[in-house]
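Notes follow once the structure below has been shown.
Just so it is clear, the model here is predicted, and its values are computed rather than measured. Numbering starts at 1 and runs along the sequence shown. In each ligand, atom 1 is the first atom listed, and ligand 1 is the first ligand listed.
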Amino acid sequence: MPKLIKKIGVLTSGGDSPGMNAAIRAVVRTCAYHNIQCVGIYRGYQGMIEGDFKEMGPRSVNNTINKGGTILKSARSKEFMTIEGRKKAYEQLVKAAIDAFVVIGGDGSFTGAEIFNKEFKFPVMGIPGTIDNDIFGTTHTLGYDTALNTVVECIDKIRDTASSHNRLFFVEVMGRDAGHIALNAGIGAGAEEILIPEQDLGLERLLESLKKSKTSGKSSSIVVIAEGDKIGKNVFELKDYVEANLPEYEVRVSVLGHMQRGGPPSCFDRVLASRLGVKAVESLLDGKSNYMVGILNGKVELTPLLKAIKGHTEIDRELLRVSEIMSI
Ligand code: ATP
């Protein structure tokens with residue numbers, strides 16, 4: 001018989017993303033709804049090792065649904081990657097009578113939870129929180145929708161300048177391994193070309209496309225580039241290369257950077273966070289463990305943590321075609 005769960009810990013780990021607070025709020029309030037205790041674990045796994053805990057009730061998460069970042073703080077913990085560190089964390093959880101935890105983070109945080117669960121038979125549940133949307137078992141991660149809206153808003157503003165001066169803008173967006181942000185925000189913002197890690201179009205193809213843009217009567221152009229694109233040049237080298245080969249273009253570079261990770265979560269992310277938080281707690285209370293809660297076909301579903309970590313998210317090929325047609 002699994003141990004009855006009377007107290008659940010919640011932590012945020014790895015990079016922060018908008019919607020994490022809404023998920024913490026959902027976990028805290030679902031615990032209160034089911035009359036069990038909830039403990040906030042500060043600074044990710046490092047705070048777990050150090051016993052940086054605080055009891056949380058439904059009123060301790062007032063006015064947090066609209067806030068970006070994470071009220072529990074986040075951290076990366078090298079110590080948790082060692083068995084000695086995880087043993088300390090386990091002892092702290094036992095000392096505080098915490099029976100299970102919910103971790104909100106990316107695949108690194110899930111790997112830590114998965115290992116911890118195996119080593120100590122400790123019930124864990126994951127909620128995907130990262131703007132990159134690169135986690136298997138969910139069509140959306142927390143923060144992704146907000147980041148898309150932020151990027152589109154920024155590019156709309158850049159476009160005003162681009163069209164006033166007949167300029168070509170290279171806009172670099174986040175996505176070291178996945179092009180979800182670049183592809184979707186690129187279509188949403190009407191980019192002429194989108195460079196993503198999953199598909200190398202090559203330099204020649206980019207030049208051809210930009211030449212075509214000019215002759216087709218476009219006076220300004222936006223190219224959206226994911227950080228991890230495979231074209232073989234960073235965004236500034238690419239600017240120099242294009243200017244050297246297409247002197248008719250005046251190129252400007254805009255690297256959007258960390259602003260993509262901040263800001264109030266979109267309504268979509270708030271609703272998603274609330275649904276995932278409820279499911280995470282109720283799944284633990286049902287005796288389930290070692291899963292990630294995600295959204296698939298509009299429904300909240302569980303995926304084994306190991307599958308979520310190892311699985312690969314594919315880029316939507318239909319979107320590549322839509323983008324190509326739109327840039328005619
Ligand atoms: P993101 O990459 O989106 O910022 P993430 O959750 O993948 O989020 P990581 O920095 O990879 O971020 O991992 C967060 C924390 O999870 C690490 O600092 C570490 O404490 C723990 N962790 C990661 N990998 C392992 C591992 N192999 N074993 C134990 N713990 C791990």
- Test of proximity, Asp107 against ligand 1: N or O pairs below 3.5 Å: yes
- Before accepting this row, confirm whether a basic side-chain N of the pair Glu79/Lys88 lies closer than 4.0 Å to the acidic partner's carboxylate O. yes
- Query: Parallel, tilted or perpendicular: which fits the ring planes of Tyr90 and Phe120, with parallel below 30° and perpendicular above 60°?
  - Reply: parallel
- salt_bridge(Glu153, Lys157) N-O dist < 4.0 Å: yes
- Are any of the side-chain nitrogens in Glu119 or Lys87 under 4.0 Å away from the carboxylate oxygens of its partner? no
- Query: Under a 4.0 Å N-O cut-off, is there an ion pair linking Lys239 with Glu237?
  - Reply: no
- Task: Heavy-atom contacts with Tyr45 under 4.0 Å: which atoms of ligand 1 show up? List them by number with element.
- Result: 16 (O), 20 (O), 21 (C)
- Paired with Val102, the side chain to side chain contact (heavy atoms under 4.5 Å, CB included) test is passed by just one of Ile24, Val27, Leu11, namely Val27
- Apply side chain to side chain contact (heavy atoms under 4.5 Å, CB included) to the pair Val124 and Phe110, showing each step before the final yes or no. CA-CA 9 Å; Val124 300; Phe110 292 167; over 6 Å; no
- Any idea which of Gly14, Ser109, Gly112 brings a heavy atom closest to atom 6 (O) of ligand 1? Ser109
- Task: Go through ligand 1 atom by atom and flag the ones less than 4.0 Å from a non-hydrogen atom of Thr130.
- Result: 3 (O)
- Item | Which of the ligand 1 atoms, numbered from 1, are nearer than 4.0 Å to a heavy atom of Thr111 | 26 (C), 27 (N)
- Item | Atom indices of ligand 1, in the order listed, that fall short of 4.0 Å to a heavy atom of Phe80 | 20 (O), 29 (C), 30 (N)
- Answer yes or no: is there an ion pair linking Glu55 with Lys7, defined by an N-O contact shorter than 4.0 Å? yes
- Message: Is there a polar contact, in the sense of an N or O pair closer than 3.5 Å, between Gly106 and ligand 1?
- Response: yes
- Query: In the protein, which heavy atom is nearest to atom 4 (O) of ligand 1, and how far is it?
  - Reply: Gly15 N, 2.7 Å
- Item | Polar contact flag for Met81 and ligand 1 (N/O pairs, less than 3.5 Å) | no
- Note on the structure: So the atoms of ligand 1 within less than 4.0 Å of a heavy atom of Arg76 turn out to be 4 (O), 9 (P), 10 (O), 12 (O), 18 (O)
- Message: Salt bridge or not between Lys211 and Glu248? Use side-chain N to carboxylate O under 4.0 Å.
- Response: no
- Closest non-hydrogen protein atom to atom 20 (O) of ligand 1, residue and atom name please, with distance? Ser77 O, 2.7 Å
- Do the ring planes of Tyr144 and His180 sit parallel (below 30°), tilted (30 to 60°) or perpendicular (above 60°)? perpendicular
- Message: For atom 22 (N) of ligand 1, what's the nearest protein heavy-atom neighbour? Residue, atom name and distance, please.
- Response: Gly108 O, 3.3 Å
- Message: Suppose I only count heavy atoms of Ser13 and a 4.0 Å limit; which atoms of ligand 1 are within that range?
- Response: 14 (C), 15 (C), 16 (O)
- Applying a 4.0 Å heavy-atom criterion (strictly less than), which segment of Ile115 is in contact with ligand 1: side chain, backbone, both, or neither? side chain
- Task: May I ask you to check whether Lys78 has an N/O atom sitting below 3.5 Å from an N/O atom of ligand 1?
- Result: no
